[in-house]
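As the structure is a prediction and not an experimental result, all values here were calculated from the model. Numbers for residues simply follow the sequence, beginning at 1.
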Amino acid sequence: MNNYIITGKESLGIEFGSTRIKAVLIDENANPIATGSHDWENKLENGIWTYHIDDVWLGLQDAYKCLNNVVFEKYNTKISNLASIGFSAMMHGYLPFDKNDNLLVPFRTWRNTITGDAAAELTKLFHFNIPQRWSIAHLYQAILNNEEHTDKISFITTLAGYVHYMLTGEKVLGIGEASGMFPIDSNANDYDAEMIKKFNSIPAVKSIGIDIKSILPKVLLAGENAGVLTEKGARLIDPTGTLKAGIPLCPPEGDAGSGMVATNAVTVRTGNVSAGTSIFSMIVLDKMLENVYEEIDMVTTPTGKPVAMVHCNNCCTDLDYWVSLFIEFSKISGNKLTKPQIYDMLYNSALDADEDCGGLVSYNYFSGEPVTDTSAGRPLFMRCENSKFNLANFMRAQIYSTMATLKIGMEILEKENVKIDSLTGHGGLFKTKLVGQKLMAGALNAPISVMETAGEGGAWGMAVLAQFAVRGNGMTLEDYLNKNVFANYKSTTVKPDEKDSVGFAKYMELYKKGLIVEKSAISNI
């Protein structure tokens, strides 16, 4: 049994990721002391990517129960009190409620690419890029489609905002999460007032009597009071009745914000790359970009600093399916290799490949990809008759495919002369030591650091934000992270290998040329 004693001064972070709900408990020094998780998966129903609301609560309870079981096994006690709690989730999407808190339509996730007309109109109106997955694009598309529910809307929020509201009664969001609903004015740290007026003045919006500011959650900065856990909320997390009400909650954030915190990338000219089901880079800017790009989202840090975000819907899903074939073969062959061992073996084989993958190219599109103007997903692997088809080249091509679309977006920031002092990677792509880190460094032609906390990811970052809310003592988030959290954490940095950079550039030439085949597959298959 561990000598550590649970005192109630711990902080808890829970993140609703695309494939897993994860809970991380940290001590007063931000060290992870227990974790729990629950696997779940989005569903394509009636053309909409969604998660059932019942699954939100069943998943939360299971992840918390798993965490509690670990705590009991390690420390011979159950959690009853905590210093603070924080929730994060996949950003964006659409959860509209009526005045009685009834959900008006099934949850529409970030993964949907069904709001093209609305996103294009709002981008033109605001002179500010509104991606398809943003909440305001979903709302306006529903209005354009004359959906019956729109005149009944009393409140719209994101998944993190919904969970927080049900647990506290507070209709609030952290500013980073809010910046994925509606554009933020970083000088005012609130929704952009001019864009609010422009949206409200749209005839179709006026006709149903919506004041967008009144139905959006209140914007809060990291460290601000976001309410406390109610008795009802405590039972939603822990039906056994052990967890006490009254615990402070920090402002709920998106997975982008929790990822920035988890990688200590909240300072100007720092950035991170999150690579899991989706992949995105977040670069903290000293000022807003002057030009508008459909490939670049402008969001914020949890303290309101402007951030250039390149978001791609597809990353590791297709790669994981290919690995699953080898796992299946291993089982039927009688081999007793574990799943992590097979992942490591396959990832490491990519290091022996030709730097350009020998003419192999892969498109990992399980869903539409706005950065490359593809409306749906058709996973596709291609090669010529004289390509060098071997395992090493195949695996490197699969790993390259996870970052190829991101590279297209990052090329825009390069042309804008955006300066980056440090770039930190986290997420599933970096679990196998060195491989994803080395190939990403070559692809982006920039040093990539990975911290020893990377495996805990956004849930740990959210626990840190929860801790900051009650232990910040007037410090800035940047100072708190540098002095209280990351001072003793180690990281490894890999600089780009010129051969990798040249090889990836050749791969990208083929990748860009082959996009016409991907688009043809979408149209014809």
Side-chain angles (χ1 to χ4, degrees), residues 19 273-279 312 314-366 379-407 425-450 454-455 492-511 514:
T19 58
V273 176
S274 175
T277 301
S278 63
I279 186 169
C312 308
N314 302 279
C315 185
C316 289
T317 302
D318 191 38
L319 174 58
D320 290 340
Y321 270 104
W322 283 110
V323 173
S324 71
L325 286 182
F326 291 96
I327 294 173
E328 186 177 347
F329 174 76
S330 177
K331 287 181 179 178
I332 65 174
S333 71
N335 200 301
K336 295 185 179 180
L337 288 171
T338 65
K339 183 177 179 180
Q341 286 174 326
I342 294 172
Y343 263 94
D344 287 347
M345 289 174 67
L346 292 172
Y347 271 53
N348 278 299
S349 73
L351 299 180
D352 297 324
D354 295 312
E355 284 81 5
D356 65 353
C357 304
L360 312 184
V361 65
S362 181
Y363 298 88
N364 62 338
Y365 292 0
F366 260 74
L380 182 64
F381 172 67
M382 293 192 298
R383 60 189 173 104
C384 294
E385 71 279 5
N386 60 347
S387 298
K388 295 176 66 176
F389 187 31
N390 56 44
L391 180 61
N393 282 341
F394 176 79
M395 285 308 302
R396 183 175 281 231
Q398 297 305 322
I399 295 173
Y400 273 178
S401 75
T402 67
M403 55 190 75
T405 312
L406 178 73
K407 176 65 175 181
H426 69 116
L429 188 66
F430 301 102
K431 281 187 177 180
T432 296
K433 188 176 181 180
L434 181 64
V435 181
Q437 189 178 3
K438 182 179 188 295
L439 298 186
M440 183 73 75
L444 301 185
N445 202 23
I448 303 291
S449 298
V450 173
T492 58
T493 301
V494 174
K495 295 181 179 180
D497 184 315
E498 185 177 356
K499 290 182 179 180
D500 288 339
S501 296
V502 171
F504 185 78
K506 290 181 179 178
Y507 177 88
M508 286 303 299
E509 287 180 17
L510 187 60
Y511 186 91

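Summarising the geometry, atom OG belonging to S362 is positioned 11.0 Å from atom CG belonging to L510; distances are rounded to the nearest 0.5 Å. The OG1 atom of T493 sits 7.0 Å away from the CD atom of Q437 when rounded to the nearest 0.5 Å. Atom CD1 of residue I327 and atom NZ of residue K339 lie 5.5 Å apart, to the nearest 0.5 angstrom. The distance from the CG atom of L337 to the CZ atom of F326 is 13.0 Å, given to the nearest 0.5 Å. Put simply, CG on L444 and CG on L406 are 5.5 Å apart, with the number rounded to the nearest 0.5 Å. Distance check: W322 CH2 to C316 SG gives 15.5 Å after rounding to the nearest 0.5 Å.
With contacts defined as side-chain heavy-atom distances shorter than 4.5 Å, the pair Y363/T405 does not qualify. Side-chain contact between E355 and V502 is absent, with no heavy atoms from C-beta onward closer than 4.5 Å. Considering only heavy atoms from C-beta on, Y400 stays 4.5 Å or farther from M508 through its side chain.
At most 12 heavy atoms of other shown residues, nucleotides or ligands fall within 6.0 angstrom of atom CD in E498. For M345, the CE atom counts as loosely surrounded, since its 6.0 Å shell holds 12 or fewer non-hydrogen atoms of other residues, nucleotides or ligands.
For the pairing with T402, the side chain to side chain contact (heavy atoms under 4.5 Å, CB included) check across T317, D318, L429 returns one residue only, L429. The side chain to side chain contact (heavy atoms under 4.5 Å, CB included) with F504 is formed by just one residue from the set K407, R396, M440, E509; it is K407.
For the pair D500 (side chain) and L439 (backbone), a donor-acceptor distance under 3.5 Å is absent. A donor-acceptor contact shorter than 3.5 Å links the side chain of S501 to the backbone of G442. Panel note: side chain Y365, backbone L380; no donor-acceptor pair is recorded below 3.5 Å. With hydrogens and angles disregarded, no donor-acceptor distance shorter than 3.5 Å links the side chain of N364 to the backbone of Q398. The backbone N or O of T338 lies less than 3.5 Å from no partner atom in the side chain of Y343, so there is not a single donor-acceptor pair. The closest donor-acceptor contact from the side chain of N393 to the backbone of K388 lies under 3.5 Å.
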For the pair V494 and V450, evaluate side chain to side chain contact (heavy atoms under 4.5 Å, CB included) and give the outcome as yes or no after the intermediate values.
-> CA-CA 9 Å; V494 174; V450 173; over 6 Å; no

After noting the C-alpha distance and the side-chain angles of L319 and M395, does the key distance pass the side chain to side chain contact (heavy atoms under 4.5 Å, CB included) rule?
-> CA-CA 9 Å; L319 174 58; M395 285 308 302; 3.9 Å; yes

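Of all the heavy atoms in P496 and P447, the pair that sits closest is CD-N, 3.7 Å. When all heavy atoms of S330 and S333 are compared, the pair lying nearest together is O-OG, 2.8 Å. In terms of heavy atoms, M403 sits closest to A443 at SD-CB, 3.5 Å. When all heavy atoms of A392 and S349 are compared, the closest pair comes out as CB-O, 3.2 Å. The heavy-atom pair separating L360 from F394 by the smallest distance is CD1-N, 3.5 Å. In terms of heavy-atom proximity, N314 sits nearest to F366 at OD1-N, 2.8 Å.
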